[in-house]
Colleague: 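The structure's right below; bear with me while I get my questions together.
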Amino acid sequence: MSSISEAEDSSPSIHIPVEWSGAADAIVYYSHTSPPPIVLICGAKNCGKTTFSRYLLNILLRRYKKVGYLDTDVGQPEFTTPGFVSLTLVDKLTPDLTIPCLKTPERCFFFGDISSKRDPKTYLKYISTLYDYYQKYCTFGNSESPAKTDLPLLVNTPGWVKGVGYDILVDMVRHIAPTHVVKINISYERKNLPAGAFWLDDDDCREVNLIEIDSARQDSFNRSILVQKDAHYLRDLRVMAYFRQCFSSSLNITTIKELANALASHPPYQVPLSSITIRHLHCQVPRTEIFYSLNASIVGLAVSSEQLDNVPSSVGLGIVRGIDTLKGLLYMITPVPPSILEKVDLLLQGFIQIPTCLLQVQGCMSPYMSTNVLSTS
């Protein structure tokens, strides 16, 4: 029987190369008098960006009380479910570099897809807005803003580094203007980013702390179908781990089937349709089909009154169990606490889907629930 955490449990031990540890030390201790580093990590898919960022995060936490983590990888995020761009403040070491964990971000936006290709403009706006928030509220203290804290920043980027993906990355690096760029190279050179400071124009004379390191593992010329399947599977695991939070940690849920059954019997919240606005991301849905499209789907939960640069802040995800149009009610499952959920007035539907394995249990997402409901009002 499949385990919810089997992918993490089966991860091999991680060996940190001397080149990696040297790069991390150079970043953390590059200057004791300068503001804390802003580090952007980039490279092709499966080059080790996530592992290096976790390692560097731990090294930074030995010097700083907190570290900001700007996650721009909507397909394989570090601390959230897929589909989010987020800024998280981390204050604890990661004991095992092979195991991801969910954290509550300082701020996040629901992009609603696992790739930026459908809407690069909006994607870049979300990133720039979160970075500007970091600069305004979280950066090195000065006489004008003495309340600001000594907070370094790590920027995790996607592995899409060719074509439009490359253009998006260049725009991202230019806006953030990091103190350090770590570029991880794989053995298949055609998949790597261009040599040198690829984001700068030829006439740009700014000094750049560019650190190029090699992937910790050998890369094959034929990447794989297996890698793509693993990425999809890991995304499903992350979504399931998120909704596992609907239940007490003392409740014995160790398999996917047990989680599906628990969600099937879990009382949903009852949300008046008149209290919410529904917004579809990256597509248009006829008004007559809106409720059909929402039924048995995952939605982003947002608060329109809490905005950054006209972008509503997101607070999590929900599963729409059903909609009763006669009663004007929507039934939803979410681990978001009621105190936060009562502020939600915007449902964002994108392309983040319920894992198929959860739908295989009869009645798990049965529409039009009318019993065992909890009201948000």
Colleague: Going by heavy atoms in the side chains, are Lys103 and Val90 under 4.5 Å from each other?
Modeller: yes

Colleague: Once you measure the plane-to-plane angle for Tyr69 and Phe79, does it fall in the parallel (<30°), tilted (30-60°) or perpendicular (>60°) bin?
Modeller: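 Tyr69 and Phe79: perpendicular rings.
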
Colleague: How are the rings of Phe111 and Tyr126 set to each other: parallel, tilted or perpendicular (split at 30° and 60°)?
Modeller: perpendicular

Colleague: Within the distance-only criterion (no hydrogens, no angle test), does the side chain of Ser275 pair as donor or acceptor with the backbone N or O of Pro272 below 3.5 angstrom?
Modeller: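 A pair under 3.5 Å: yes.
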
Colleague: Just checking, Lys45 and Trp160: is the charged tip under 6.0 Å from the six-membered ring centre and within 45° of the axis?
Modeller: no

Colleague: Are Leu200 and Val173 close enough, and set up right, to give a side chain to side chain contact (heavy atoms under 4.5 Å, CB included), and what steps lead you there?
Modeller: CA-CA 9 Å; Leu200 297 180; Val173 183; over 6 Å; no

Colleague: For a 4.5 angstrom cut-off between non-hydrogen side-chain atoms, does Tyr188 reach Arg190?
Modeller: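 Side chain of Tyr188 against side chain of Arg190, heavy atoms only: contact under 4.5 Å found.
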
Colleague: Which heavy atom of Phe84 sits nearest to which heavy atom of Cys108, and what is that distance?
Modeller: CD2-SG, 3.9 Å

Colleague: Which value, rounded to the nearest 0.5 Å, describes the distance between Tyr55 atom OH and Ser21 atom OG?
Modeller: 4.5 Å

Colleague: Has Asp71 got a side-chain atom pairing as donor or acceptor with Ser86's backbone, closer than 3.5 angstrom?
Modeller: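 Checked: no pair found.
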
Colleague: Show the numbers, then the answer: is there a ring-ring contact (aromatic ring centres under 6.0 Å, His included) between Trp20 and Phe52?
Modeller: CA-CA 7 Å; Trp20 283 29; Phe52 181 80; 5.4 Å; yes

Colleague: Testing the basics here: between Thr81 and Arg238, what is the closest heavy-atom pair and its distance to 0.1 Å?
Modeller: CA-CG, 3.7 Å

Colleague: For a 4.5 angstrom cut-off between non-hydrogen side-chain atoms, does His175 reach Ile127?
Modeller: no

Colleague: Could you walk me through whether Asp91 and Lys66 satisfy the salt bridge (charged side-chain N to carboxylate O under 4.0 Å, His left out) test, starting with their C-alpha distance in whole Å, then the side-chain angles of each, then the deciding distance to 0.1 Å, before giving a yes or no?
Modeller: CA-CA 5 Å; Asp91 59 3; Lys66 289 184 180 181; 5.3 Å; no

